Student: 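A single structure is presented below for examination.
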Amino acid sequence: IERVDLGDYEGAKNILRDAQWEQEVEQAEEMIETAKEPVREYISGKKALIATLRAGFVESETTEEICRIYDRICELALKHGVEPAVLWDYADFLRQQRCYPEGIQVAERLRDYYRLNPPEREKQAKLLRLLGTLYEKNGAYEKAEPVLREAMELARGMYEGGKQTEYHKTLLADCCNAMGVFLWSQQCADDSKEMF
């Protein structure tokens, strides 16, 4: 800034183009990526603990412990930008526990994260299907329908666009099924049958 104020534009450009500065930034980026590895390992280990806890009978105390673990690893995932899909796992767990409002909150946090860090379309469709189902189970029908339709259209677009793998076929079927269940709950029998 001082160089520019003095009219020494070349001097200012030389300072701002400093090769050593570039090297320092590259080193800092490497350090940041290296520092994320323990976070990834911690999240992976805690997911294994959750799987172990879920292998037994899930009681209310176990459910509370699982939620505490998920809260912690979801916070780390978002803070460090690693393993964000753990939020999907948590929202799905909450759906299975019939904790729909809490599941919606977690799924919406992941949706916000995906808006800033767009994932593959498969992950987006999978999240929207789950979020739409949570909305529907919670009675938020006006929110459920457009989200479920968006999930179905994403899945259909991938499948019809050439990704005709078993995974994509199953994803499209899951999205159509979720839409069918929603339409059935809204007494739209003919539309529901078409989805099924």
Side-chain angles (χ1 to χ4, degrees), residues 29 32-55 58-158 167-168 170-172 174-179 181-182 185:
E29 285 181 315
I32 290 168
E33 196 54 41
T34 302
K36 287 182 180 183
E37 194 53 38
V39 175
R40 279 190 187 91
E41 289 176 13
Y42 179 81
I43 290 172
S44 177
K46 292 299 180 176
K47 284 173 61 178
L49 174 57
I50 289 168
T52 304
L53 290 168
R54 292 189 71 184
V58 179
E59 300 173 2
S60 62
E61 290 174 7
T62 306
T63 301
E64 290 173 13
E65 181 180 2
I66 289 171
C67 288
R68 281 193 305 275
I69 295 167
Y70 266 129
D71 285 336
R72 176 68 178 135
I73 62 177
C74 287
E75 173 191 328
L76 288 170
L78 292 178
K79 181 178 180 181
H80 298 284
V82 296
E83 306 294 330
V86 75
L87 278 86
W88 188 95
D89 297 339
Y90 188 18
D92 192 49
F93 172 76
L94 291 167
R95 178 194 59 80
Q96 293 168 25
Q97 301 303 308
R98 297 188 171 138
C99 300
Y100 305 126
E102 295 85 353
I104 289 168
Q105 288 177 345
V106 173
E108 285 178 343
R109 285 176 63 201
L110 181 57
R111 190 178 190 192
D112 291 342
Y113 177 85
Y114 280 170
R115 283 184 179 128
L116 298 173
N117 307 281
E120 302 89 33
R121 291 188 308 166
E122 292 89 346
K123 289 182 180 178
Q124 183 73 16
K126 191 176 167 186
L127 170 63
L128 292 172
R129 183 195 49 76
L130 175 60
L131 182 57
T133 300
L134 287 165
Y135 283 145
E136 188 256 330
K137 296 288 186 187
N138 200 47
Y141 304 117
E142 70 288 346
K143 290 183 175 181
E145 185 172 4
V147 170
L148 288 170
R149 285 196 188 282
E150 185 179 351
M152 191 177 61
E153 291 309 315
L154 269 171
R156 180 177 286 141
M158 285 182 286
Y167 174 80
H168 291 92
T170 302
L171 179 61
L172 177 57
D174 286 346
C175 291
C176 289
N177 185 65
M179 192 70 205
V181 169
F182 170 76
S185 75

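Positions are given from 1 along the sequence. Small disclaimer: the values here were computed from a predicted structure and weren't measured.
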Student: State the CZ-OG1 distance between Arg54 and Thr63, to the nearest 0.5 angstrom.
Tutor: 9.0 Å
Student: What's the separation between atom NZ in Lys36 and atom NZ in Lys79, rounded to the nearest 0.5 Å?
Tutor: 12.5 Å
Student: Just by distance, with hydrogens left out, do Glu108 and Tyr135 show a side-chain donor and acceptor under 3.5 Å apart?
Tutor: yes
Student: If I take atom CD from residue Glu64 and atom SG from residue Cys67, how far apart are they, to the nearest 0.5 angstrom?
Tutor: 8.0 Å
Student: Parallel, tilted or perpendicular: which fits the ring planes of Tyr141 and Phe182, with parallel below 30° and perpendicular above 60°?
Tutor: tilted
Student: Do the non-hydrogen side-chain atoms of Glu75 and Asp71 ever get within less than 4.5 Å of each other?
Tutor: no
Student: Verify the neighbour count for atom CD of Glu142: are there more than 12 heavy atoms of other residues, nucleotides or ligands below 6.0 Å?
Tutor: yes
Student: What are the two closest heavy atoms between Cys175 and Met152, and how far apart are they?
Tutor: CB-CA, 3.7 Å
Student: Are the charged groups of Lys126 and Glu122 less than 4.0 angstrom apart, N to O?
Tutor: no
Student: Give the intermediate values and the outcome of side-chain contact (heavy atoms from CB on, under 4.5 Å) for residues Met158 and Leu171.
Tutor: CA-CA 10 Å; Met158 285 182 286; Leu171 179 61; 3.8 Å; yes
Student: Working to the nearest 0.5 Å, report the span between OG1 of Thr62 and CD1 of Ile50.
Tutor: 12.0 Å
Student: Take atom NZ in Lys123; do more than 12 heavy atoms of anything else shown fall under 6.0 Å from it?
Tutor: no
Student: Evaluate the side-chain proximity of Met179 to Glu145: yes if any heavy-atom separation is below 4.5 Å, no if none is.
Tutor: yes
Student: Under 4.5 Å between any side-chain heavy atoms of Leu148 and Thr133, yes or no?
Tutor: yes
Student: Measure the shortest side-chain to side-chain distance between Glu102 and Tyr90 over non-hydrogen atoms and say whether it is less than 4.5 angstrom.
Tutor: no
Student: Is Arg109 paired with Asp112 through a side-chain N to carboxylate O contact shorter than 4.0 Å?
Tutor: no
Student: I'd like to check Leu128 versus Arg111 (side-chain heavy atoms, cut-off strictly below 4.5 Å). Are they in contact?
Tutor: yes
Student: A side-chain contact here means heavy atoms from C-beta on lying under 4.5 Å apart; do Tyr70 and Asp89 qualify?
Tutor: yes
Student: I need the minimum non-hydrogen distance between Gly132 and Val147, along with the two atoms involved.
Tutor: N-CG1, 3.6 Å
Student: Within the structure provided, determine whether Pro119 and Tyr113 are in side-chain contact (heavy-atom separation under 4.5 Å).
Tutor: no
Student: Would you call Ile69 and Glu65 a side-chain contact if the rule is heavy atoms closer than 4.5 Å?
Tutor: yes
Student: How close do Ala151 and Arg129 get, heavy atom to heavy atom, and via which atoms?
Tutor: CB-N, 3.5 Å
Student: Return the OG to CG distance between Ser44 and Leu49, rounded to the nearest 0.5 Å.
Tutor: 11.5 Å
Student: Which atom pair, heavy atoms only, marks the closest approach of Leu110 to Pro84?
Tutor: CD1-O, 3.5 Å
Student: Restricting to non-hydrogen atoms, name the atom on Ala125 and the atom on Ala155 that form the minimum distance, rounded to 0.1 Å.
Tutor: CB-N, 4.3 Å
Student: Could you measure the distance from the CG atom of Leu172 to the CG atom of Leu154? Nearest 0.5 Å is fine.
Tutor: 11.0 Å
